[in-house]
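A short write-up of the structure that comes next.
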Number of protein chains: 2
Amino acid sequence: MSNPIELSPSAMRIADVAQALVQNVGYNGFSFEHISQAVGMRKASIHHHFSTKVDLGVAVVQRYTREFEQALLQVRNASESAPTRLLAYADLFETTFKNNQHLCVCGMLGAESNSLDAALNTEVKRFFQTNLDWLSGVIQEGIARGSLRSQHDANTLAETLLSLLEGAMLVGRSVAAPIGPRRASEVFLAGIVC
Amino acid sequence: MSNPIELSPSAMRIADVAQALVQNVGYNGFSFEHISQAVGMRKASIHHHFSTKVDLGVAVVQRYTREFEQALLQVRNASESAPTRLLAYADLFETTFKNNQHLCVCGMLGAESNSLDAALNTEVKRFFQTNLDWLSGVIQEGIARGSLRSQHDANTLAETLLSLLEGAMLVGRSVAAPIGPRRASEVFLAGIVC
DNA sequence: GTCTATACTTGGATAGAC
DNA sequence: GTCTATCCAAGTATAGAC
């Protein structure tokens with residue numbers, strides 16, 4: 001279920017709108033009525049494609065994670081050194097945030113996690129673990145090759161960077177001229193690049 | 001309005017429960033009914049103390065910000081150097097997070113900000129600005145005294161650290177053994193302490 | 001696949017007795 | 001200050017026609 005190929009055009013439009021709503025107002029901040037209006041369909045029609053709100057949320061996160069995984073592969077291929085890769089990674093978040101100050105889907109759901117269905121939290125954890133694993137790998141390689149240096153291990157640095165990216169988007173929503181996730185990453189990386 | 005001295009004992013209990021709910025499930029994740037059950041009072045009685053949910057939310061944030069300001073004064077007085085002060089500051093968030101993985105009140109509300117009443121967002125922005133101003137001052141002083149060093153200015157470093165702290169709590173909710181805001185700060189500060 | 005209609009529940013808020 | 005009772009709107013979900 002929720003294989004991207006299996007999503008009909010209507011289901012895709014619904015998922016698009018639902019994702020934007022999650023990134024904008026959060027899972028608890030939107031209803032089927034909001035989707036209905038944005039997509040030009042009645043509430044009952046939404047239920048035809050996603051029987052429950054949880055189903056819709058799970059589909060959105062799974063698709064989001066899949067697309068993120070594709071981006072991770074591209075970042076690895078397009079750049080050589082660890083610092084360059086990490087900045088390209090930060091730009092994924094920068095692009096998201098520049099789009100109407102959207103938060104990361106899983107950043108938003110992570111904040112709301114204590115009020116979400118277990119099925120949703122499972123997907124959110126998977127997203128974060130995937131990102132932490134990828135970051136740890138890139139950082140570990142950077143340390144081994146001498147482009148990065150720190151007294152802390154790769155896993156710790158990975159979680160620190162991911163936390164910084166998510167937090168920069170969150171805080172950025174409430175300050176007048178936010179530095180944004182890209183620049184925040186530059187500040188952090190300045191302390192560990194060689 | 002919302003002066004702490006003016007809060008009756010019942011209003012205090014309601015505000016306590018409301019704050020914990022915000023930090024746990026978010027503003028959009030709780031209702032007057034939840035408060036009613038936790039505090040052992042009927043919904044109508046809650047409305048007697050806070051006429052609307054927005055009023056209650058504003059009172060919670062204002063009180064939270066005031067208490068945070070007190071803590072900032074104490075941190076300044078209790079520690080000398082900028083690095084020590086910043087770690088003591090990080091411990092404010094560490095303590096919050098260790099309490100049942102509670103998020104910062106304004107971290108949560110910041111995530112939800114696009115669905116909140118303007119009166120609430122005003123208070124959230126004030127909280128962040130207060131923290132950024134305090135951090136910038138401490139960092140600026142640290143740079144001037146030679147205990148901190150960076151190619152970035154104090155304001156940028158302040159927003160980076162605050163973002164990291166908020167993000168560490170958010171991400172920490174979705175990982176098995178989170179490093180937490182305190183340790184995340186240590187990782188970042190390692191790159192700018194002399 | 002989409003619609004109308006509707007059932008059922010919850011949420012925010014008010015009136016008025018005690 | 002707290003209660004019961006109630007209103008109205010919104011939210012999730014289903015039934016059944018087209």
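Quantities reported herein were computed from a predicted structural model and do not represent experimental measurements. Heavy atoms only: backbone and side chains are in, while hydrogens, waters and symmetry mates are out. So you know, we letter chains A, B, ... as the sequences are listed, proteins then strands, and number each from 1.
Protein atom CG of Leu120(B) is 13 Å distant from nucleotide atom P of dG12(C), rounded to whole Å. The CG atom of Leu116(B) sits 13 Å away from the P atom of dG12(C) (whole-angstrom rounding). Rounded to whole Å, atom C1' of dA13(C) lies 16 Å from atom NE2 of His49(B). To the nearest angstrom, C1' of dT9(C) lies 13 Å from NE2 of His34(B). In this structure, the CG atom of Leu21(B) is 14 Å from the C1' atom of dG11(C), given to the nearest Å. A straight line from CD of Glu33(B) to C1' of dT4(D) spans 14 Å, rounded to a whole angstrom. Rounded to whole angstrom, the span from the NE2 atom of His47(A) across to the P atom of dC3(C) amounts to 13 Å. Here the P atom of nucleotide dT14(C) and the CZ atom of Phe50(B) are 16 Å apart, to the nearest Å.
Of the listed nucleotides (dG11(D), dA13(C), dT4(D)), dA13(C) has the atom at the smallest distance from the side chain of Thr52(B). For Arg42(B), counting side-chain heavy atoms from C-beta on, the closest listed nucleotide (dA13(D), dC3(D), dG1(D)) is dC3(D). Comparing dG1(D), dG1(C), dG11(D) against the side chain of Ser31(A) picks out dG11(D) as the nearest. Looking at the side chain of Ala44(A), the nearest of the listed nucleotides dC3(C), dT2(C), dT2(D) is dC3(C). Closest contact between the side chain of Lys43(A) and the listed nucleotides dC3(D), dG11(D), dT2(C) involves dG11(D).
Between Ser45(B) and dC3(D), a side-chain N or O to OP1/OP2 separation shorter than 4.0 Å is present. Remark: Ser51(A) is not in phosphate contact with dA13(D), judged by side-chain N or O atoms under 4.0 Å from OP1 or OP2. Note on His48(A): a side-chain N or O is less than 4.0 Å away from OP1 or OP2 of dG1(C).
In plain terms, the two heavy atoms of Leu103(B) and Met108(B) that are nearest each other are CD1-CE, 3.8 Å.
Between Phe68(B) and Phe127(B), the ring-plane angle classifies as perpendicular under the 30° and 60° cut-offs.
Within a 6.0 Å sphere centred on CD of Glu67(B), other residues, nucleotides and ligands contribute more than 12 heavy atoms.
Both the sub-6.0 Å distance and the 45° axial angle are not jointly satisfied by Lys98(B) relative to the ring of Phe93(B).
For dG11(D), the base has no donor-acceptor partner in the side chain of Lys53(A) [N/O atoms by modelled type, under 3.5 angstrom].
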Working note: Ser81(A) + Thr84(A), criterion side chain to side chain donor-acceptor pair (under 3.5 Å); need CA distance, chi angles, decisive distance, verdict. CA-CA 5 Å; Ser81(A) 73; Thr84(A) 309; 2.8 Å; yes
